[in-house]
Asks: 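The structure under discussion is supplied below as structure tokens; questions concerning it will follow.
Whatever order the structure lists ligands and atoms in, that order sets their numbers, starting from 1. Predicted model only: the values in this text are computed from it and were never measured. Heads up: numbering here begins at 1 and tracks the sequence.
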Amino acid sequence: MKITCITVYQVDLPLEHPYWLSGGRLKFECLDATFVKIETDAGVTGWGEGTPWGHTYVPAHGPGIRAGIETMASFVLGLDPRKVLEVERAMDLALPGHLYAKSPIDMACWDIAGQVAGMPIADLMGGGSRTPRPIAASIGAKTVEATREVMQRYRDRGYVAHSVKIGGDVERDVVRIRDVESFRQPDELILYDVNRGWTRQQALRVMRATEELRVMFEQPCETLDDIAAIRSLHSAPVSVDESLVTLQDASRIAREGIAEVFGIKLNRVGGLTKAARMRDIALAHGIDMFVMATGGSVLADAEALHLAATIPDDQCHAVWACQDMLTSDIAGGRGPRNEAGHLRLSDAPGLGVHPDENLLADPVAVYS
Ligand code: MG
């Protein structure tokens, strides 16, 4: 089987509510999504998606995905998409780094491999749990009142896991954490996500001031060096996501004990093939996981669910899905959808969901 054609689509995915990141990073209202269709000489077609969470979040750029695919396309055409490691090596040779540009191609290849095998990707990867995975809501509010309001909005949709965005003002962060803890329900999972918003001293002040609450923080500081430097000075469990990019990051975090949890972002780390190795490092070191695509449509949510399903139930805290934050749907309601705050893996082969091509505009590029 050979890849005969790669077709690239660009789609704007509007957010229902505008989003602000901490640290003065720009407000954004729309995600720049890239969809990739890979066709083969066997008549099987696979789909992938790459949707960064805006340009200002991490070094991942919507137009950069399309430019990267242009550079890599001639190296990928003609390969057998079921041989995901060969496709991975071809992309790494054609374009070192730029992992986020590679993940849509990797995803489409896994989709094809699953369809040919007649198995969901998670099962093809070795076995996917059917235990529904909680979806972590993204609570981007600023004030105590707005935080309660946004959390309630998600609770009303069934969510039991929440990623509460903090970072910036130390006093305000402490007040918000105390308030959220005062009204959290017994079965709720709450992660306080700093999105790199604190300096070392700010992180220590908040973490020490909330010590008795035993809460968990994600990405408290900008770099792994920062997070490592304060590790022995507080007692809170830490998740790392934005600084978890390469396999070398994963092995360093595991060996040096920098974090107890990985937040694996599939688009950021280069797709399922590379993310599966991070999962294995985590499992080998007693590290729990959150899994997310980074942003995007139900295709991206489905990709995250497949990886999450390959993690033992008790080591997979939640997935993050973007579908309830968007006002448009390119898959016409198909694919894994929020069911009482959870995503459920189906038995559909491959990714299990494709875009409705009538809902995509004309392709921006075709390579054959
Ligand atoms: Mg995060």
Asks: Tell me, which N, O or S atom in Asp241 is closest to the Mg ion (ligand 1)?
Replies: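 The nearest such atom is OD2.
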
Asks: In Asp193, what N, O or S atom is nearest to the Mg ion (ligand 1), if we give its atom name?
Replies: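 Closest to the Mg ion (ligand 1) among those atoms: OD2.
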
Asks: Stepwise, does the salt bridge (charged side-chain N to carboxylate O under 4.0 Å, His left out) test hold for Asp169 with Arg176?
Replies: CA-CA 11 Å; Asp169 183 274; Arg176 278 182 68 221; over 6 Å; no

Asks: Please determine whether a side-chain nitrogen of the Lys or Arg among Glu181 and Arg178 lies less than 4.0 Å from a carboxylate oxygen of the Asp or Glu.
Replies: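 No salt bridge links Glu181 with Arg178.
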
Asks: Should Asp225 and Arg252 count as an ion pair when the cut-off is N to O under 4.0 Å?
Replies: yes

Asks: Do other residues, nucleotides or ligands put more than 12 heavy atoms under 6.0 Å from Glu260 CD?
Replies: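 For Glu260, atom CD is crowded (more than 12 foreign heavy atoms under 6.0 Å).
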
Asks: Among the N/O/S atoms of Glu218, select the one at the shortest distance from the Mg ion (ligand 1) and name it.
Replies: OE1

